[in-house]
Amino acid sequence: MNEFPLEDFIEDFLQESNEHLQSINQNLLILEKSLSSKDQLGEANSSRISIINDLFRSFHTLKGLSGMVGLRPAEELSHLMEAVLREIQNSELEIDQEVIDRLFEGTKTLKGIVSSINDSEAQAPDIADISKSINRLLLKHQTPITPTKTTEEAGFANISASDAKEVKEKSEEDIETIIRRELSEHPDVDGKLDKKDLEHLKAAYQSGNLLYLVIFSPSTEKADRGKNVSQLRDQLVADGSILKSIPLINKDSVQFAFFVSRTKPIPVEVFQEAVVVPFREDFGEHIQPEKTAEPETEIFKRAAVYETPSHPRTTSVRVDLEKLDEILRILSDLVVTRSRINDQVLKLGAQLNNSARIKPFENLEQTLGQMDRNLRDLRAAVTRARMVPLSEVFHHMPLAVRDMTRNQKKEVRLILEGEQTQIDKVMVERLLDPLMHLVRNAITHGIETPAERIAAGKPAAGSLVLRGVWEGDQILIELADDGRGIDIKQVKEKAVELGLLNKDQNIDKNNLLDVISTHGFSTLDKAHLGAGRGIGMEVVIQNIRSIGGTIELQSTLGKGTIFRLLMPLTLTILDAIIVRVGSERYAVPRHSVEEVIEIDPAQIVKIESGELLPFRQSPLTLIRLTDLFHMPVDEKDVRRFGIICSSSEKLAALVVDQLVEMREVVVRAVQDPLVSKPGIFGATDLGDGQAVLILDVPALLFSKSIDELLQS
Amino acid sequence: MVRILIIDDSPTIRKMIRASLKPLNASFNEAGSGVEAVEKLMADKYDALTLDLNMPDMHGIELLDFLKNHNNFRDIPVMVITTHGEALSKKVLEAGAHSFIVKPFSPDEILNTMQKMLDGKN
């Protein structure tokens, strides 16, 4: 029998499975949170149903996928997990911490098996233990429970048991009546609803969500205005979820009926395009479950946000990053070729006498300008295609935080903001490790135990905010905790003890990050599992700098710590200032340059350790490339230029002989270990065939290894 | 050229089905949900469908039911490809599907069944 060439599908399999595993973890986290607020679950109940349905579908898809690629253990395990979810769906199994724990464990094992497919060395985890414990769970919980029990407990836990039963029955009847009444005008829709659907609608209604029936009739006229069923669907799920979709046949046309559960009213535009039947309007008497407290609503709002990307529309195609890289590489070559033509045209222009300028030449210049703009647009378009939301990194955090807080007996509320901010896929991949480390650090070192926090007059649960925002052509990622902050005195003692610092050297916010990131530094005596071995921060900073980012630290004792990471959006093509020093040219990435000034040699003040320039009432440290790179020094006192960069309130300038131009450059990695040094960002080709180094100016100006560089 | 619509919420499975049917030299379109499938069916004519059962929003059987009740779609042959076991096959065939295949499937299985379905139609 003909089999699938597995290697053709491994990448797709891994990507899709990992998306499902991630969505499973998120949904499990939400379910777990809803456990601790059980008596307020009413409002969340319909969301709960849709989360369980999502979980079921994820495991179901994983089962199918694993079977297709021949991963038997994964197929079996997903099948078991699917069984657990089915029991929950049928209200035969109640969700408690044990169920959640087993599901988390199973998911972890599943992830291990899935990852092992690509690694012949790796031993796939054994499923015997987890299968046994899940089976036990299924057996143990198999006691008859009335189908609506969860709903009842959830929505009316604040009413005594006997009352609750009465109230529930009455209101359920009422709800059924009102649903039937509204549907009586739409018998075609009514006929398509089965008992289970009705249960879902009732649960959604009871939970306090707004319930609607939306009927949309597509037409060419609407389509011309961009109003089609997909657009409508996106609008409906923006603040809610679709409980059921039904396509209806009306003579030769087709209509779509959607049952929608929403937290906010349906936007007015929808009323203009479709028939909207609200189920709540004229029925004010039913029992309203108590309003859910804020945090829980927030959790479930987030659930709604997660839902959208988990069913991506098929107007998109998956493209291997390698293929995009190739397009970008070809584009980069094109940028270089363009530069070559530019150079030639400039030379040609210089040779043509000004008055003798001919029309075809002017046309050529114009066409080149046009090509410049086209290339820029193309670059922007390709860059956009590589962009993914920051959520790809952020979504790993809730699970990590859960594990950490459980191990360390701490309480932490993780707040994610700006997850939709777009960033280059490659950057996202390289951001994960450093960010994960910072999050671990924040929980281990930053946030105190609940007892300590209460003693300090803070809420028992610490807050950890992870936020991403655009900042011009860069992205700013902030991680803020409200923990104990960094004790500078303690850091200094430790640093002196370790011989990292002299007794008379002070620690201020400028060199704090340098000190805590020094190899071997750790203020915790016992190394924790997650953090505290003193190798982390050094690697974090290296990682961030290697992708062209900067990192800043701000900490207030007793109040908390904020890390600020400023990252370029993409790495491959940069706007750069081309400078000349001696006979060599260099490229300086524009995003790292604060300002460019002209230096009057007469104003330079020579001091023992170097040169200073008075600059807006403060001294500006001058650093010469000729010194750094041991190049012949041109002693002539000519005017030079300073490229100013700042870092944690330090100002310094790199002295160059000439500013040549500003242009796009293509970054090529430098592999040669002789050249690949801190301070060298990469190399580029300016179009004349000569390699030019791209300087990492902040590293050159502020890195502590500058001294070593000078001596090497 | 034969036009086939592949309906499955998993992009990987869609790719696998497409790869299996490659020898047919057909033109393919894909839908990731029932609603999207109906949308695409309204926009274009198709000679055959492959259909997953467990999808967001709309179950495959509901979609089948819709197809069988619509004059324009009634005669399009449908191959149901699902992870659910044989137990469902009766229900699915009763609902109007022409063939029923359980995942994991082999490329030949899909190709031969599709070939038969298309032959039977002509």
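Numbered from 1 within each chain, the chains take letters A, B, ... in sequence-line order.
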* What is the distance from atom CD of Glu62(B) to atom CG of Asp197(A), rounded to the nearest 0.5 Å? -> 6.5 Å
* Structure fact -> Cut-off 4.5 Å, heavy atoms of chain A, and the answer for Asn29(B) is neither
* To do: Identify which part of Asn53(A) has an atom lying under 4.5 Å from any heavy atom of chain B, answering side chain, backbone, both or neither.
  => neither
* Structure fact -> Note: Arg233(A) and Ser33(B) closest approach over all heavy atoms is NH1-OG, 3.6 Å
* To do: Please look at Glu75(A) and chain B and tell me whether the side chain, the backbone, both or neither of the residue comes under 4.5 angstrom of a heavy atom of that chain.
  => side chain
* Nearest-0.5 Å distance, CZ of residue Arg57(A) to OG of residue Ser10(B) -> 12.5 Å
* Under the side chain to side chain contact (heavy atoms under 4.5 Å, CB included) test, residues paired with Lys45(B) that sit two or more places apart -> none
* Nearest atoms (heavy-atom pairs only) where Gly67(A) meets Pro104(B) -> O-CB, 3.3 Å
* Could you grab the distance from atom OG of Ser245(A) to atom CE of Met55(B), nearest 0.5 Å is fine? => 10.0 Å
* Structure fact -> Of the listed Phe258(A), Phe259(A), Phe9(A), the one with the largest count of heavy-atom pairs under 4.5 Å with chain B is Phe9(A)
* Quick one: pull up CE in Met68(A) and CD1 in Ile17(B) and give me the separation to the nearest 0.5 Å. => 8.0 Å
* Structure fact -> d(Asp8(B) CG, Thr61(A) OG1) to nearest 0.5 Å is 8.0 Å
* Greater than 12 external heavy atoms within 6.0 Å of His79(A)'s NE2 -> no
* Looking only at heavy atoms, what is the nearest atom pair of Phe56(A) and Asn54(B), with distance? -> CE2-ND2, 3.4 Å
* Structure fact -> In short, Asp12(A) meets Thr12(B) closest at the heavy-atom pair O-OG1, 3.2 Å
* Structure fact -> Heavy atoms of Asp9(B) and Glu16(A) approach each other most closely as O-OE2, 4.4 Å
* Glu39(B) and side chain to side chain contact (heavy atoms under 4.5 Å, CB included): which partner among Pro247(A), Pro218(A), Ser230(A)? -> Ser230(A)
* **Closest-packed option against chain A by number of heavy-atom pairs under 4.5 Å, given Met16(B), His59(B), Met58(B)** => Met16(B)
